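Encoded as structure tokens, the structure appears first; notes follow it.
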Amino acid sequence: MNISRAKGTKDIFFDEMKIWEYVEENIKQICSRRNMNQIRTPIFEDTSLFSRSVGNETDIVNKEMYTFLDKGGRSITLRPELTAGVVRAYIENGFSSMPSPVKLWYTGTMYRYEKMQKGRYREFSQFGIELLGSDSYLADVEAISVAYELFRKLGLLDKLILRINSIGCSNCRTKYVDALKEYLADKIDNMCEDCKARYVKNPMRIIDCKQDSCKSQKSNLPMITDYLCEECNKDFENLKSTLNAVGMKYEIDKTIVRGLDYYNKTVFEFISKDLDLAVGGGGRYDTLVEVLDGPHTPAVGYGLGLDRIILLLKEYNLFENNKNVDIYFVVQDNNAFSKVFNIANDLRNLGYIADIDICGRSIKAQMKYAAKINTKYTCIIGEDELKENSCSMKNMDTSEQLKVNLSAQKIDNMLKGGK
Ligand code: HAM
């Protein structure tokens, strides 16, 4: 029996890998220029980390986690998201004694046992940022602006909508949940089984349930933004006016409540205009560090779905796959190979992508291979060239051929001359 990859996973290679590298290079550049630090945390963590942070009553913890007992009998979970792991690392490594705010970013794989559909996998990757130690709406603006900059660089900005909301603090929410339950009291019997359970355990999650039977019961729902306390209201107003002032477009979406328990105040999502997909989501989580037994540390962050970003780049044809190889060396024999070996390395150090035959094939077979790998130039060192210490540089687009001295310097000069 052939072994195939597990459901919900994928192999990433060749042309698609180039797009991933391109996105990841942009992420790295944007984050390092903002004085943010990359963090890597383990792919598996103690299960209780997720039940205590993401929340026992969420779909993620309830239905979607890959949890198992290891050989020592410990309950282990493959991370379904990364905020919990970052906060654990923050506490465990004493980041709170460092200059605050602590500005972190990450990329990595996460695992959720979800129903498969376009853009939804069981192993998927996120780019995320977590800004820990600021309770100001300015941190929300800064966080959002990192995603904004990435989408601008990738050409995706006008393909996405930023939707924001405030779900207030625990004080606002207590009053709101009472009003919500009162409104739903005579409707809940007509709603889906999940919402019936949510009514008791997590009523705000009823708001974003997409089931038809539930949608029809929610036409006049009370909205959390009408229940915000003075401080939460002021923060939300400040956030909106600062986003306006710096020119970051957004829409208010009062139905965003987010599917993880740790959020408060600002929440937001980036939604694809054409595909029905959230490309990212996040918000403020001012109490999570304390919930996990750390010091009071207000924080904000989000995760962007990298698989979905790649999907959009492919969908809109926004990535130009440049030629893979600058120079492919075609060599007559072992003598030519030894001569060219170091020249190829010198050219690599100058920034060229250089490749050389490692199969000992004939010149004809090497030329065939060069045509297949999409190289810009082929550098041919046959018998004559070897005697003359020269090489023939063939432009693979125009077939124009030029003899130059066999040295990295001369080849570099010739390529810079653009011939
Ligand atoms: P989340 O909304 O669960 O938030 O996930 C963030 C993004 O990850 C989603 O908007 C989506 O693009 C992507 N994503 C989620 N599930 C899948 C899947 N099954 N397949 C492909 N992509 C997926 C969080 O994970 C929070 N930790 C974000 C955060 C960071 N909040 C504060 N800090």
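Hydrogens, waters and symmetry mates are skipped; everything else that's a heavy atom, side chains included, is used. Note that the coordinates shown come from a computational prediction; the quantities given were computed from them, not determined experimentally. Positions are given from 1, in the same order as the sequence printed here. When a ligand or atom number is given, it counts from 1 through the structure's own listing order.
- For the pair K10 and Y121, the cation sits on the ring face: its NZ or CZ lies under 6.0 Å from the ring centre, inside 45° of the axis.
- Listed by chain and number, the residues in a ring pair (Phe, Tyr, Trp, His ring centres under 6.0 Å) with Y316 amount to none (sequence neighbours excluded).
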Without placing hydrogens or testing angles, list every side-chain donor-acceptor pair under 3.5 Å for residues 292-299, not counting sequence neighbours.
residue: D293; atom: OD2; partner: R52; partner atom: NH2; Å: 3.1
residue: H296; atom: ND1; partner: E290; partner atom: OE1; Å: 2.7
residue: T297; atom: OG1; partner: P295; partner atom: O; Å: 2.7

Validation: residues 226-236 side-chain donor-acceptor distances under 3.5 Å, sequence neighbours left out:
residue: E231; atom: OE2; partner: K265; partner atom: NZ; Å: 2.7
residue: D235; atom: OD2; partner: K265; partner atom: NZ; Å: 2.8

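- Residue-level contacts of ligand 1 at the 4.0 Å heavy-atom threshold are E81, T83, Y106, R112, E114, G119, R120, Y121, F124, Q126, E130, R258, L260, Y262, Y263, A278, V279, G280, G281, G282, Y285, G301, Y302, G303, G305, R308.
- Counted within 6.0 Å of CZ on F68, heavy atoms from surrounding residues, nucleotides or ligands total more than 12; the atom is thus considered enclosed.
- Aromatic ring centroids of Y66 and Y113 lie under 6.0 Å apart.
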